[in-house]
Amino acid sequence: MAVDKDRWGILFCPKRGLKKSSKQWAAIERALAKHSIEYDFVQSESQDSVHRLMHMFVNNGYKTIIIVGGDSALNDAVNCLMEFEKHVRDGVAIGMIPNGVVNDFARFWGFRENEVEQTVAWLAKRRVRKVDLGCLRYTDANGTDCHRYFLNCVNIGMTADLMNMRRQTRSLLGSRTLSFIVSTLLMFFHRMDYKMDIKINSENIKRRVMTVCVGSGPGYGQTPNAVPYSGLLDVSVVYQPAITQLFAGLWLLVTGKFLTHKSVHPFRTRKMCVNEAKHACVSVDGRLEAKPQGGYWIGIEPEIINLLIPD
């Protein structure tokens, strides 16, 4: 069943453990009515349902699909869209209304969770930009070749642990700042470095590393110079600092000066290989991924997704 090309498909992904979802949707409804936007609305219950509902929207001919959610929901949506042929993808534009535990990619573009009316006004203008997707390619425990696309970043090591803890504490505590503080304190009880063998461009890094961030986007402050339309990945490799330097590094992360820390080594590349990263967790756009077996690749697919952006 085809639909009017101007009609939006809205996929609402409520926050788990928080009670603001109904109020947030009511605010979105008011903004949609104010701008006379026609739409169909569905609500997801899980990661699997995001995949199913995205397929439904695309198969039914929706040209504008709005994700009301955070980084992980947006990641699920673009990974689903990438399952379609190029001629189908090129006819679909993805928009976002931030409503997640973590909304880093939305904040990069200037979308704010508490500015729903402004967000809807921008989306209604349907300004489209082609953006890049990073791609993690690996083999899982069953020997299956797998891949996962990302808009923002892949984290390897301590930050993957930290992002997972931050997501869990945010769901329980509600406050972004409080969840960051609590998860950072919990971090000190986790492993702090990992034996890694990484190849970036012509450089081989074989040593103990605390964390690696590979960003097509801002990478939660760890790849602050990355932009998702350059056709390149920014990589920050962090060696383990002394405890006093670690606190200094956290302060630089919060203040946006992360790359100035002497333990941070930045790179820019189209593709990198992780030959070894023993026991290191891997997260994609803030969500833990199945642990890769053996080595894995991270690359970039330039200008492959249509994204609705602000003026």
Side-chain angles (χ1 to χ4, degrees), residues 1-13 37 39-100 102-106 108-109 111 119 122-124 126-138 145-154 215-217 227-231 233 283-287 289-290 298-310:
M1 179 185 68
V3 296
D4 187 320
K5 65 181 179 64
D6 295 324
R7 192 175 187 87
W8 290 7
I10 299 181
L11 176 48
F12 182 61
C13 305
I37 293 169
Y39 64 93
D40 291 314
F41 160 84
V42 292
Q43 181 171 318
S44 72
E45 289 121 22
S46 65
Q47 181 179 358
D48 289 339
S49 70
V50 171
H51 184 273
R52 174 176 55 82
L53 295 169
M54 273 293 296
H55 263 275
M56 181 194 72
F57 276 142
V58 177
N59 286 329
N60 281 286
Y62 288 85
K63 302 304 181 186
T64 303
I65 301 175
I66 307 299
I67 309 302
V68 184
D71 287 349
S72 293
L74 197 59
N75 179 278
D76 292 336
V78 297
N79 272 275
C80 177
L81 188 59
M82 287 298 293
E83 295 176 6
F84 289 87
E85 297 292 334
K86 182 179 184 299
H87 73 275
V88 177
R89 294 197 309 265
D90 286 347
V92 177
I94 297 287
M96 53 193 155
I97 299 176
N99 185 49
V102 183
N103 303 295
D104 195 56
F105 191 72
F108 169 81
W109 293 100
F111 295 116
T119 296
W122 279 331
L123 296 175
R126 211 174 190 278
R127 185 183 175 206
V128 178
R129 173 148 200 169
K130 288 275 191 184
V131 297
D132 305 338
L133 286 181
C135 187
L136 166 68
R137 299 185 184 275
Y138 65 96
D145 290 335
C146 303
H147 67 274
R148 188 76 182 176
Y149 293 99
F150 60 93
L151 282 160
N152 192 11
C153 68
V154 167
S216 175
V227 290
Y229 43 81
S230 66
L233 295 166
S283 69
V284 179
D285 283 347
R287 179 190 285 143
E289 191 73 7
I298 305 173
I300 191 80
E301 300 278 354
E303 297 187 339
I304 198 167
I305 288 288
N306 294 320
L307 187 74
L308 298 181
I309 64 172

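Note: hydrogens, waters and symmetry copies are ignored here, and every other heavy atom, side chains too, is used.
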Quick one, [X] and [Y] - any side-chain contact, counting heavy atoms below 4.5 Å?
X: N59; Y: F84; answer: yes
X: L151; Y: L133; answer: yes
X: K130; Y: I305; answer: no
X: R287; Y: R148; answer: yes
X: D285; Y: S72; answer: no
X: M54; Y: E83; answer: no
X: L74; Y: I94; answer: yes
X: F111; Y: L308; answer: no

Spacing of [X] atom [atom1] and [Y] atom [atom2] [to the nearest 0.5 Å]:
X: L123; Y: I309; atom1: CG; atom2: CD1; result: 11.0 Å
X: D145; Y: Y138; atom1: CG; atom2: OH; result: 10.5 Å
X: I65; Y: F57; atom1: CD1; atom2: CZ; result: 6.5 Å
X: K63; Y: D90; atom1: NZ; atom2: CG; result: 10.5 Å
X: D132; Y: F150; atom1: CG; atom2: CZ; result: 10.0 Å
X: Y149; Y: S216; atom1: OH; atom2: OG; result: 13.0 Å

Starting from the C-alpha separation in whole Å, work towards a yes-or-no answer on side chain to side chain contact (heavy atoms under 4.5 Å, CB included) for W109 and L307.
CA-CA 11 Å; W109 293 100; L307 187 74; 3.6 Å; yes
List the atom of [X], the atom of [Y], and the distance in Å for their closest heavy-atom pair.
X: G69; Y: N103; value: O-OD1, 3.5 Å
X: I67; Y: A77; value: CD1-CB, 3.7 Å
X: V92; Y: Y62; value: CG2-O, 3.8 Å
X: H51; Y: C80; value: O-SG, 3.5 Å
X: L53; Y: S44; value: CD1-CA, 3.9 Å
X: Y229; Y: E303; value: O-OE2, 4.4 Å

Measure from the side-chain N and O atoms of R127 to the backbone N and O of P310, and report whether any donor-acceptor pair falls under 3.5 Å.
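At least one qualifying donor-acceptor pair exists.
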State whether the side chain of D71 and the backbone N or O of D104 hold a donor-acceptor pair below 3.5 Å, judged by distance alone.
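Flag set: sc D71 to bb D104 pair under 3.5 Å.
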If the test is side-chain hydrogen bond (donor to acceptor under 3.5 Å, both in side chains), which one of T64, D6, N306 qualifies with R126?
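Considering T64, D6, N306, a side-chain hydrogen bond (donor to acceptor under 3.5 Å, both in side chains) with R126 is found only for T64.
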Salt bridge (Lys or Arg N to Asp or Glu O under 4.0 Å) between D76 and R52, worked out:
CA-CA 10 Å; D76 292 336; R52 174 176 55 82; over 6 Å; no
Would you tell me whether N79 and N75 have side-chain atoms, one donor and one acceptor, within less than 3.5 Å of each other?
yes
Does the pair F12 and N99 meet the rule for a side chain to side chain contact (heavy atoms under 4.5 Å, CB included), with working shown?
CA-CA 9 Å; F12 182 61; N99 185 49; 3.4 Å; yes
Could you go through the salt bridge (Lys or Arg N to Asp or Glu O under 4.0 Å) check for K86 and E301 one step at a time?
CA-CA 13 Å; K86 182 179 184 299; E301 300 278 354; over 6 Å; no
